[in-house]
Amino acid sequence: MQTFLQLSIIGISMGLIYSILACGLVLLRRATGLLNFAQGDLLMLGAYISFQFLVKMKWPMLPALVSSILVYALFGLFFMFAVFWPVRNSAWPQAALVCTIGASMILQEAVTLIWGSVPLTTKPFVSGTVSFGNLKLQNQYFLIMATGVFVILLIFVLFDKLYPGKLMQATAQDKYAARLIGIPIVMTIAFTYVLNNVIVGLAGYMVAPVFIITGSLSSLQYKAFAGAIIGGFGDLRGAVLGSLIVGLVESYSTYVTTIYKDAIVFLVLILVLIVRPQGIFGEKIADKA
């Protein structure tokens, strides 16, 4: 029972990280039609930036967090204008997707040039452990869970209750009509990129003490893709639920094997695609004649 509780807490905390990545993917997809293959690299960059402020520069927690968020926001704008904007009107729809793949490679090389290839570590943001009988869990996992729930709730409130969320949805549905009624398309898309980069950077900030900081952190995006597909790509509810499923499957599978846990995750993805190709919340699209 204690092992099950431990694996559940770890699975939920990682599932929430995947949820943040997946929600960012859905936001960009809905606002720009772009499938961002550099999403995991933005998380990796967030972890390196946290290391820079907390370890290299030895800043206190709060100034480091605020400064990191500012850097994430500015880099989100840079990412938009460097990767998406030059090819937004390309006659080849896949141009922007290929640009994100190129951006992924550039980010991998850039962090190696700046911080080196040696794995880096940061201390947990909250020290100590919580005991459940003989079971002990780092408080960092509970901080990840609390932060993940907070960020995801903010995303849902933004889309359901706040005016900027309505602008983002209108822009995603019909950019031409949105422009006609006076919605600032460029600012709305820029806000989407900034929001995506901030939440993904925060995810990297939170997992930095749990993982060794290397370029391999970018591989977390594949679990986010799996979660978004399982939930029904394009639906925020599906992105969250699917990512939580991925996190729990990954965690529980370590009870049997630690080597093939990723294979088990993607086996579940394949089974879901066989049974329900559109995902849990996805709508079935009728075949064209």
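Residue numbers start at 1 and run along the sequence shown.
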Under 3.5 Å: donor-acceptor pair, side chain of T257, backbone of S253: no
In one Ile/Leu/Val/Met/Phe/Trp/Tyr side-chain cluster, 4.5 Å: M187, L74: no
M61, CE: over 12 other non-hydrogen atoms inside 6.0 angstrom: yes
Nearest-0.5 Å distance that lies between atom CG in L267 and atom CD1 in I264: 8.0 Å
A64 backbone acceptor or donor facing S68 side chain under 3.5 Å: yes
Heavy-atom closest contact (L77 atom, V194 atom, distance): CG-CG2, 3.7 Å
Trace of the side-chain contact (heavy atoms from CB on, under 4.5 Å) decision for I101 with L97: CA-CA 7 Å; I101 297 174; L97 185 147; 3.8 Å; yes
Parallel, tilted or perpendicular, as decided by the 30° and 60° cut-offs, for the rings of F225 and F233: parallel
CE (M57) with more than 12 external heavy atoms under 6.0 Å: yes
I10 and Q6, any side-chain heavy atoms less than 4.5 Å apart: yes
Y222, OH atom: more than 12 neighbouring heavy atoms under 6.0 Å: no
Path from V55 to I114 over hydrophobic side-chain contacts below 4.5 Å: yes
Heavy-atom neighbours of F150 CZ exceed 12 at 6.0 Å: no
Same apolar cluster (I L V M F W Y, side chains within < 4.5 Å links), M14/V149: yes
Aromatic plane relationship, Y193 with F79 - under 30° parallel, 30 to 60° tilted, over 60° perpendicular: tilted
Which residues share a side-chain hydrogen bond (donor to acceptor under 3.5 Å, both in side chains) with S216, sequence neighbours left out: T214
Residue pairs passing the salt bridge (Lys or Arg N to Asp or Glu O under 4.0 Å) test where at least one lies in residues 228-243, sequence neighbours excluded: D235-R237
Flag if over 12 foreign heavy atoms under 6.0 Å of CZ, F78: no
Minimum heavy-atom distance T100-A38, with the two atoms named: O-CB, 3.6 Å
Donor-acceptor under 3.5 Å (Q140 side chain, M206 main chain): yes
Point-to-point distance, once rounded to the nearest 0.5 Å, from CG of L202 to CD1 of I69: 5.0 Å
Minimum-distance pair of heavy atoms, taken over all atoms of G148 and L16: CA-CB, 4.3 Å
OG on S243 to CD1 on I152, rounded to 0.5 Å: 8.0 Å
Name every donor-acceptor pair, under 3.5 Å, that has one atom in a side chain of residues 43-52 and the other anywhere in the protein, sequence neighbours excluded.
unit_1 : atom_1 : unit_2 : atom_2 : d
S50    : OG     : A47    : O      : 2.6
Q52    : OE1    : W115   : NE1    : 2.9

Audit row: V98, W92, side-chain contact (heavy atoms from CB on, under 4.5 Å) steps and yes/no: CA-CA 10 Å; V98 173; W92 188 41; 3.8 Å; yes
Stepwise side-chain contact (heavy atoms from CB on, under 4.5 Å) test for L154 and I199: CA-CA 10 Å; L154 279 182; I199 63 175; over 6 Å; no
Least distance between heavy atoms, L42 atom then N196 atom: CD1-ND2, 3.9 Å
V118 with F211, same ILVMFWY side-chain cluster at under 4.5 Å: no
Nearest-0.5 Å distance that lies between atom CZ in F53 and atom CG in L65: 10.5 Å
Heavy-atom side-chain contact between V272 and I245 under 4.5 Å: no
Salt bridge (Lys or Arg N to Asp or Glu O under 4.0 Å) pairs, two or more places apart, involving residues 39-51: none
Interatomic distance, F125 atom CZ to I144 atom CD1 [nearest 0.5 angstrom]: 9.0 Å
Side-chain donor-acceptor contact under 3.5 Å, N36 with Q221: no
Donor-acceptor pair, side chain of S13 and main chain of I9, under 3.5 angstrom: yes
Test log, rule side-chain contact (heavy atoms from CB on, under 4.5 Å), inputs V265 and L269: CA-CA 6 Å; V265 168; L269 171 62; 5.9 Å; no
Residues, nucleotides or ligands: over 12 heavy atoms within 6.0 Å of I212 CD1: no
Residue pairs fulfilling salt bridge (Lys or Arg N to Asp or Glu O under 4.0 Å) with at least one residue in residues 254-270, sequence neighbours excluded: K223-D262, E250-K261
Backbone N/O of W85 and side chain of R88: donor-acceptor pair under 3.5 Å: yes
Other ILVMFWY residues reachable from Y260 by side-chain steps of under 4.5 Å: I259
Closest approach of Y141 to V210 (non-hydrogen atoms, all atoms of both residues): OH-CG1, 3.5 Å
Heavy-atom donor-acceptor pair, S251 side chain to L7 backbone, under 3.5 Å: yes
Spatial distance of atom CG (L34) from atom OG1 (T192) [nearest 0.5 Å]: 11.5 Å
Nearest heavy-atom neighbours spanning L244 and G15: CD2-C, 3.9 Å
same_hphob_cluster(I229, L271) at 4.5 Å side-chain heavy-atom cutoff: no
